[in-house]
Engineer: 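Quick one: the structure is below, questions incoming.
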Amino acid sequence: MKVIIARDYKELSKKASSILASQLILKPESVLGLATGSTPIGTYEELIKLHKQGVISFSSVTTFNLDEYYGLDSNNPNSYSYFMRDKLFNHIDIDNNRVHIPNGLTKDIQKECQAYEKKIIGKGGIDIQLLGIGRNGHIGFNEPDIKFEAITHLVNLDTDTIYANARFFKDVKGVPKKAISMGIKTIMNSKKILLLASGEEKAQIVYDTLYGKITPETPASVLQLHPNLIVIVDKQAAKYL
Ligand code: F6R
């Protein structure tokens with residue numbers, strides 16, 4: 001694994017966007033795995049800048065997002081579909097037909113999850129998967145558990161996750177209790193993984209992830225087994241490294 005310690009969130013975002021940009025320069029038809037949450041917002045802003053400067057194009061890119069809340073319409077401002085349009089897709093030249101996010105309104109979970117897996121495989125797999133990390137060690141919405149959940153599936157969100165994500169909602173009661181998430185195997189099958197963490201509240205989980213025991217109780221710890229993992233943390237998140 002390659003661990004890069006950035007001065008601050010701004011530098012972290014610039015470094016992450018440079019890695020993603022070089023991926024697109026080297027392979028314009030890349031398949032990107034994307035994340036939501038606060039952490040990648042700066043990276044998306046930098047990618048938009050690089051696109052506007054003419055350095056990168058997304059016109060041949062395919063994307064798969066990690067997760068979506070179950071029960072939220074894609075036009076709901078709290079849905080991850082809306083987030084992605086707002087923070088990235090509306091500002092770049094991506095073809096919407098190549099954008100994939102689990103359908104939170106599906107009536108047939110199993111079919112939706114299987115179709116999502118099939119689409120990823122059909123595109124030749126994910127070239128680079130961008131990840132944030134929950135304070136409880138979740139990646140995507142793979143919450144601490146007694147086993148690693150392999151493929152895209154319906155998740156019961158942890159209380160910790162519900163409270164952590166309540167900041168985006170009017171109140172904690174509004175946060176969905178379930179989500180559809182790529183599984184650990186789906187994530188681990190990516191050719192390259194770029195894990196980002198910022199801020200002191202992530203310091204302990206970053207340490208446990210990279211140097212602790214590999215256990216489904218710390219889902220992100222499985223990343224230690226990935227052959228091509230890049231981790232970018234700011235100084236605060238690197239406090240225990
Ligand atoms: C988002 C996702 C989550 C977040 C994690 C960290 O698509 O899958 O695993 O990456 O909850 O969220 P932030 O960045 O808001 O701290």
Side-chain angles (χ1 to χ4, degrees), residues 6 8-10 12-13 16-17 20 32-45 63-70 72 74 76 78-89 99-104 113 116 120 126 128-145 148-149 151-169 172 175-184 186-188 190 193-206 208-209 216 218-223 229 231-234 236-237:
D8 51 23
Y9 178 70
K10 195 161 183 212
L12 172 152
S13 303
S17 65
L20 292 167
L32 304 182
L34 298 177
T36 59
S38 303
T39 312
I41 292 177
T43 304
Y44 294 152
E45 285 170 0
T63 65
F64 287 92
N65 261 77
L66 282 166
D67 39 25
E68 177 60 286
Y69 285 119
Y70 181 60
L72 292 195
S74 63
N76 183 315
N78 283 315
S79 73
Y80 285 166
S81 264
Y82 188 99
F83 175 102
M84 288 309 300
R85 290 197 299 277
D86 186 42
K87 304 288 184 227
L88 183 64
F89 298 148
V99 165
H100 304 89
I101 302 180
N103 172 11
C113 293
Y116 205 65
I120 295 174
I126 292 170
I128 182 163
Q129 174 67 56
L130 182 61
L131 292 179
I133 182 169
R135 286 179 311 203
N136 64 359
H138 73 210
I139 46 175
F141 274 138
N142 292 278
E143 302 285 32
D145 203 342
F148 289 116
E149 200 67 56
I151 60 167
T152 303
H153 60 293
L154 185 68
V155 180
N156 288 316
L157 296 175
D158 253 26
T159 313
D160 189 62
T161 301
I162 291 171
Y163 275 93
N165 289 2
R167 67 190 193 280
F168 298 112
F169 292 77
V172 72
V175 186
K177 308 289 179 284
K178 290 176 194 280
I180 299 174
S181 174
M182 279 186 197
I184 291 291
T186 328
I187 294 171
M188 288 295 279
S190 309
I193 293 183
L194 177 56
L195 172 68
L196 308 181
S198 165
E200 201 173 335
E201 61 163 21
K202 300 286 175 71
Q204 186 60 52
I205 197 61
V206 165
D208 294 345
T209 294
T218 307
S221 61
V222 75
L223 297 174
L229 171 67
V231 183
I232 311 182
V233 284
D234 61 14
Q236 290 175 313

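Both ligands and their constituent atoms are indexed starting at 1 by order of listing.
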Engineer: Using 30° and 60° as the class limits, which term best fits the ring planes of Phe83 and Tyr44: parallel, tilted or perpendicular?
Structural biologist: perpendicular

Engineer: With no hydrogens and no angle check, is any side-chain donor or acceptor of Lys178 less than 3.5 Å from a backbone partner on Leu154?
Structural biologist: no

Engineer: Counting N and O atoms only, with roles assigned by atom type, does the side chain of Tyr80 sit under 3.5 Å from a partner on the main chain of Thr36, one being a donor and the other an acceptor?
Structural biologist: no

Engineer: I want to check something: taking the side chain as every heavy atom from C-beta on, are Thr63 and Phe89 in contact at a cut-off of under 4.5 Å?
Structural biologist: yes

Engineer: Is there a donor-acceptor contact under 3.5 Å from the side chain of Tyr116 to the main chain of His153?
Structural biologist: no

Engineer: Fit a plane to each ring of His100 and Phe64, take the angle between them on a 0 to 90° scale, and name the class: parallel (under 30°), tilted (30 to 60°) or perpendicular (over 60°).
Structural biologist: parallel

Engineer: Taking non-hydrogen atoms within less than 4.0 Å of ligand 1, which protein residues qualify?
Structural biologist: Ala35, Thr36, Gly37, Ser38, Thr39, Leu66, Asp67, Gly132, Ile133, Gly134, His138, Gly140, Arg167, Lys202

